[in-house]
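Below: one structure, written as structure tokens.
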Amino acid sequence: MNLRNITPDDYREYKEMSSRFYHSDAVNHSIPDAYFDNTFRQALHKNPAMGLFMLTQEGKTVGYALTAYTFSNEAGGNVMWIEELYIKPEFRGMGFGKQSIRQLMAMHPQVKRFRLEVTAENRSAIALYKALGFEELPYLQMVIDGE
């Protein structure tokens, strides 16, 4: 499996997969279409706070990964958030999720902590993340959206 940066030709496939992701049990709510467009545009312009990768196997797209980068005193350095990891239904259960996360970790040896969110209903994702060594944090997440 190969993890590669997106190219302009990936737009249609990315948007379709991301739309499916946001209409699944992986998230609690959908997002406006304009957000997909902005994310893709930011990735093409090499926004240093994020990465957008296509997951491919033998020339076929199997999914995508969206990452975000922060710093944490608690972690002792850089943190990569795995914001979104989507594997197309026909490729699930074949180890691509596990391979993707391992490749992201190998590509970013300077990262001190890898972090992600998962909905309680997404049992298969929870099992995958635990198998890779992720642990639950006892924190509540709180957000407020800006204008």
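Everything numeric in this text was worked out from a predicted model, so none of it was measured.
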**Message:** Is there a side-chain contact between Ile6 and Leu44 in this structure, where contact means two heavy atoms from C-beta onward sitting under 4.5 Å apart?
**Reply:** yes
**Item:** Expected output: side-chain Arg92 to main-chain Ile87 donor-acceptor under 3.5 Å
**Value:** yes
**Asked** Could you go step by step and tell me if Leu137 and Arg115 meet the side-chain contact (heavy atoms from CB on, under 4.5 Å) rule?
**Response** CA-CA 10 Å; Leu137 286 174; Arg115 192 167 176 167; 3.5 Å; yes
**Message:** If the condition is salt bridge (charged side-chain N to carboxylate O under 4.0 Å, His left out), which residues does Glu16 pass it with, not counting sequence neighbours?
**Reply:** Arg20
**Request:** Would you check if the side chain of Gln57 reaches a backbone N or O of Met1 as a donor-acceptor pair within less than 3.5 Å?
**Result:** yes
**Any side-chain heavy-atom pair of Gln103 and Phe53 under 4.5 Å** = no
**Message:** Under a 3.5 Å threshold, yes or no: a donor from one side chain and an acceptor from the other, between Tyr22 and Ser24?
**Reply:** no
**Item:** Side-chain heavy atoms of Thr39 within contact of Met50, under 4.5 Å
**Value:** yes
**pair Glu74-Arg113: side-chain heavy atoms closer than 4.5 Å** = yes
**Request:** Sorted by first residue and then second, give each salt bridge (Lys or Arg N to Asp or Glu O under 4.0 Å) pair with at least one member in residues 117-140; sequence neighbours left out.
**Result:** Lys130-Glu136
**Request:** With rounding to the nearest 0.5 Å, note down the distance linking NZ in Lys46 to CG in Asn5.
**Result:** 5.0 Å
**Request:** Nearest 0.5 Å please: distance from the CZ atom of Phe21 over to the OG atom of Ser30.
**Result:** 12.5 Å
**Request:** Might you point out which heavy atoms bring Gly76 and Lys112 nearest each other, and give the distance in Å?
**Result:** O-CG, 3.6 Å
**Request:** Answer yes or no: is there a side-chain heavy-atom contact under 4.5 Å between Leu104 and Leu3?
**Result:** yes
**Shortest non-hydrogen contact between Thr119 and Ala26, atoms and distance** = CG2-O, 3.4 Å
**Item:** Linked, directly or transitively: Phe134 and Tyr86 (ILVMFWY side chains, under 4.5 Å)
**Value:** no
**Message:** Quick check: do Leu132 and Phe114 have side-chain heavy atoms less than 4.5 Å from each other?
**Reply:** no
**Stepwise side-chain contact (heavy atoms from CB on, under 4.5 Å) check, Met54 with Met17** = CA-CA 10 Å; Met54 297 299 275; Met17 290 187 294; 3.6 Å; yes
**Asked** Where do Ala120 and Ile126 come nearest, in terms of heavy atoms and distance?
**Response** O-CD1, 3.8 Å
**Prompt:** Hey, any chance Leu52 and Ile101 share a hydrophobic cluster, counting ILVMFWY side chains that come within less than 4.5 Å of each other, even indirectly?
**Reply:** no
**Request:** Identify the two heavy atoms, one from Pro48 and one from Tyr69, that lie closest to each other, and give their separation to 0.1 Å.
**Result:** O-CD1, 3.4 Å
**Prompt:** Out of curiosity, does Leu128 fall in the hydrophobic cluster containing Phe91 (side-chain heavy atoms, cut-off under 4.5 Å, transitive links)?
**Reply:** yes
**Item:** Cluster check Leu55, Trp81: I/L/V/M/F/W/Y, side chain < 4.5 angstrom
**Value:** no
**Message:** Please report the interatomic distance CE(Met94) to CD(Gln99), rounded to the nearest 0.5 Å.
**Reply:** 9.5 Å
**Message:** Under 4.0 Å between a side-chain nitrogen and a carboxylate oxygen: does that hold for Arg4 and Asp10?
**Reply:** yes
**Message:** Hydrophobic cluster membership, with links at side-chain heavy-atom distances under 4.5 Å among I/L/V/M/F/W/Y: are Leu66 and Met105 in one?
**Reply:** no
**Request:** Could you pull out all residues at least two apart from Tyr14 that satisfy ring pair (Phe, Tyr, Trp, His ring centres under 6.0 Å)?
**Result:** Phe40, Tyr64
**Request:** Answer whether the closest heavy-atom distance between the side chains of Asp33 and Lys15 falls below 4.5 Å.
**Result:** yes
**Message:** When you compare the side chain of Leu116 with that of Tyr129, does any pair of heavy atoms fall below 4.5 Å?
**Reply:** yes
**Prompt:** Considering all heavy atoms of both residues, which atom of Leu85 and which atom of Gly97 are nearest to each other, and what is their separation?
**Reply:** CD2-O, 4.0 Å
**Prompt:** Salt bridge or not for Lys88 and Glu13, using N-O below 4.0 Å?
**Reply:** yes
